[in-house]
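Both ligands and their constituent atoms are indexed starting at 1 by order of listing. Please read all numbers here as calculations on a predicted model, not as lab measurements.
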Amino acid sequence: MSRTLPVTKNDYIDVVFEDLTHDGAGVAKVDGYPLFVANGLPGEKAKVKVIKTGKSYGVGRLIELYEKSPYRVEIPENEIHKYGGCQLEHISYEGQLQYKENQVRQVLTRIGKLEDVVVHPILGMDHPLHYRNKAQVPVGEKDGKLIAGFFKPRSHDIVDTDESLIQLPEVNEAVQAVKEICSELGIPAYHEESHKGVLRHIMARYGKQTGELMVVIITRTGDIPHKNKLVEEIVAKLPKVKSIVHNVNSKQTNVILGEKTTILWGSEVIYDYIGDVKFAISALSFYQVNPVQTKVLYDKALEYANLNGEESVIDAYCGIGTISLFLAQKAKKVFGVEVVPEAIEDARRNAKLNGMTNLEFAVGEAETVITKWYKEGNSADVLVVDPPRKGCDEALLQTIIEMKPEKVVYVSCNPATLARDLRILEDGGYKTLEVQPVDMFPHTTHVECVSQIVLKEAADPK
Ligand code: SAH
């Protein structure tokens, strides 16, 4: 006999929200059965209508709020688009920080069973607006003009966005200017359904420390109508532009960038600094989007690595080598490992750019490359990991446990997999001393953490 659910579709019920989902929806429990309701905030009492019931959870719609959270902020309807669909736009920044910090504490206890780890108060931004150095906005058409912005949640309708509260002003200005120029030149937008038209996305990247701007025009077609005029006008309208790039994506796909990239004007890359380290950023390179908080995060990672210049360090999941180069300033030698070959090319180029010779990079899966290194008799004093959301591969954690580097620094963009992996390391002889949450993405549900982990025998010597 199937279990009867405590709610039925179309019921109207009164609930109290206890938590938020990863999408920022409120979570209420009815006899233990979770109900997800968009726009509900923890602590709020509300009347909701049940609109869907599944085996493990249901979905409701907010009908009436009886009691509002002190963290709720009311954004006028005509301003909501300025947040570009951020999930936490209806929560004050203070409330967001509290939510993220609590989330980290909860998962470390619930999933990681880490009772005595020190979780520091989250490091938020002093000015949590206009922080992103990169925008890539889809382009559409309305009333004979180009529109560009973001997709409405769970749809492919574009909301035209003339002002963004999360992008750096230079990035926003670039997107607007390119949109207007293309519109005036009559360059047609791409239509997803028919797979016809030209202009798919406008991308802009800005080096906050150098003041250098890159514009990337992404089209379905190999040619852009009025290409020369377009370039001329972009250069005239955007004095900070250093690079104009054309990327062709002829496939019917959600992936933004396509197979062919050419430089239309200026340089192939723009530069930026994180601290004293210089980075070359091409149209396709991965580069952290919040430069202010990246510095905060990397400084913490460096502090936790506590280097004296004699150590050999492994940076697993190193991307374009951002953390590797940061560590190399203080270490004897850094080995970076990353699965994407182009990222490793960038990493090597960046090491050269900074005149750093104490780095080596390898392409491959961290679990494979590092395990092989270890089996060949190599070791490291400090190991840094910064894996994608799914966390570290278990084989890598096993190698760490056998290799026994004195310190492990874990940079994580997903507290749940961080907690799971810290538990594995604890069971293998490590101790997590501290976890520092950092808010890299204000107004979204994302939270980044850095953790300091040491060998147990070093933490409590007998
Ligand atoms: N540390 C970098 C990038 C971290 S993002 C920075 O701060 O900029 C995570 C990186 O892990 C991505 O570049 C991704 O390509 C890479 N990656 C994913 N799976 C991997 C694996 N199994 N082995 C090595 N790298 C991997």
Side-chain angles (χ1 to χ4, degrees), residues 132-134 205 207-208 255 257 269 271-275 277-282 284-305 313-329 331 334-351 353-354 359-374 380 382-400 408-415 417-418 420-421 424 436 438-441 446-451:
R132 284 184 60 103
N133 61 12
K134 171 179 155 183
R205 304 185 99 166
K208 196 167 189 271
V255 178
L257 290 165
V269 294
Y271 295 99
D272 197 24
Y273 285 89
I274 302 173
V277 186
K278 191 176 187 182
F279 293 94
I281 309 156
S282 72
L284 304 184
S285 302
F286 171 84
Y287 186 67
Q288 294 280 359
V289 295
N290 184 336
V292 172
Q293 292 301 85
T294 300
K295 171 83 168 54
V296 172
L297 185 76
Y298 290 1
D299 278 341
K300 206 62 195 178
L302 201 56
E303 180 192 320
Y304 283 168
V313 182
I314 294 175
D315 181 17
Y317 309 91
C318 73
I320 62 161
T322 14
I323 298 180
S324 318
L325 268 73
F326 225 66
L327 294 162
Q329 299 174 102
V334 178
F335 297 92
V337 185
E338 158 66 45
V339 79
V340 175
E342 292 82 6
I344 288 292
E345 273 173 42
D346 278 348
R348 291 189 177 126
R349 182 169 11 152
N350 285 328
L353 183 68
N354 289 279
L359 290 125
E360 251 178 62
F361 292 100
V363 179
E365 289 169 337
E367 56 275 21
T368 315
V369 173
I370 297 169
T371 306
K372 185 164 162 276
W373 268 349
Y374 172 62
V382 180
L383 203 139
V384 179
V385 295
D386 182 9
R389 288 191 59 77
K390 67 175 191 216
C392 290
D393 191 279
E394 180 137 15
L396 175 64
L397 296 171
Q398 287 312 327
T399 297
I400 296 174
V408 177
V409 178
Y410 195 136
V411 182
S412 159
C413 56
N414 183 350
T417 54
L418 171 69
R420 177 201 69 196
D421 292 351
I424 295 173
Q436 174 64 66
V438 179
D439 190 24
M440 300 278 282
F441 308 101
H446 297 283
V447 56
E448 200 93 8
C449 290
V450 201
S451 319

> Are there more than 12 heavy atoms of other residues, nucleotides or ligands under 6.0 Å from atom NZ of K208?
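Counting other residues, nucleotides and ligands, NZ of K208 stays at 12 neighbours or fewer.
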
> For ligand 1, is any non-hydrogen atom under 4.0 Å from A316's backbone (N, CA, C, O), its side chain (CB onward), both, or neither?
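No part of A316 comes within reach of ligand 1.
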
> Just how far is it from atom CD1 of I281 to atom CZ of R205, taken to the nearest 0.5 Å?
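It is 6.0 Å, given to the nearest 0.5 Å.
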
> Identify which one of V385, L302, D315 satisfies the side chain to side chain contact (heavy atoms under 4.5 Å, CB included) criterion when paired with I323.
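Filter result, single survivor: D315.
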
> Please state which option from F326, Y287, Y317, Y298 has its nearest heavy atom closest to atom 11 (O) of ligand 1.
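The option holding the nearest heavy atom is Y317.
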
> To the nearest 0.1 Å, how far is atom 18 (C) of ligand 1 from its closest protein heavy atom, and which atom is that?
P388 CG, 3.6 Å

> What protein heavy atom lies closest to atom 24 (C) of ligand 1? Include the residue and the distance to one decimal.
A366 N, 3.4 Å

> Judging by distance only, is a nitrogen or oxygen of Q288 under 3.5 angstrom from one on ligand 1?
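Yes, Q288 has an N/O under 3.5 Å of an N/O on ligand 1.
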
> Number the atoms of ligand 1 from 1 as they appear, then name those within less than 4.0 Å of a heavy atom of F286, with their elements.
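With F286 as reference, the close atoms of ligand 1 come out as 8 (O).
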
> Quick one: does G364 get a heavy atom under 4.0 Å from ligand 1?
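For ligand 1, residue contact (heavy atoms, under 4.0 Å) with G364 is present.
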
> Students should be able to answer this: which protein heavy-atom is nearest to atom 12 (C) of ligand 1, and at what distance?
E338 OE1, 3.5 Å

> Below 4.0 Å from any atom of ligand 1, is there a heavy atom belonging to D393?
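Heavy atoms of D393 never come under 4.0 Å of ligand 1.
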
> Once you restrict to heavy atoms under 4.0 Å, what part of T322 touches ligand 1? Side chain, backbone, both or neither.
side chain

> Can you tell me how far apart CG (N414) and CG (L418) are? Round to the nearest 0.5 Å.
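Interatomic distance, N414 CG to L418 CG, rounded to 0.5 Å: 8.5 Å.
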
> How far is atom 22 (N) of ligand 1 from the closest protein heavy atom, and which atom is that?
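Ranked first by proximity to atom 22 (N) of ligand 1 is E367 OE1, 3.2 Å.
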
> What residue and atom, counting heavy atoms only, is the protein's closest point to atom 25 (N) of ligand 1, and at what distance?
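Protein heavy atom with the smallest distance to atom 25 (N) of ligand 1: V339 N, 3.3 Å.
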
> Which ligand 1 atoms does V340 reach within 4.0 Å, using its non-hydrogen atoms?
15 (O)

> Are C318 and I344 packed together at the side-chain level, in the sense that at least one heavy-atom pair is separated by less than 4.5 angstrom?
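When only atoms from C-beta onward are counted, I344 and C318 do touch, with a gap below 4.5 Å.
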
> Specify the protein heavy atom at minimum distance from atom 1 (N) of ligand 1: its residue, its atom name, and the distance to 0.1 Å.
D386 OD2, 2.9 Å

> Are L297 and K300 close enough that some pair of their side-chain heavy atoms sits under 4.5 Å apart?
no

> Would you name the heavy atoms of A316 and I370 that are closest together and state the gap between them?
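Looking at all heavy atoms of both residues, the shortest contact is CB-CD1, 3.7 Å.
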
> Less than 4.5 Å apart, side chain to side chain, heavy atoms only: is that true for F335 and L359?
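Counting from C-beta outward, F335 and L359 never come under 4.5 Å.
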
> So do the side chains of Q398 and I424 get within less than 4.5 Å of each other, counting heavy atoms only?
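They are in side-chain contact.
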
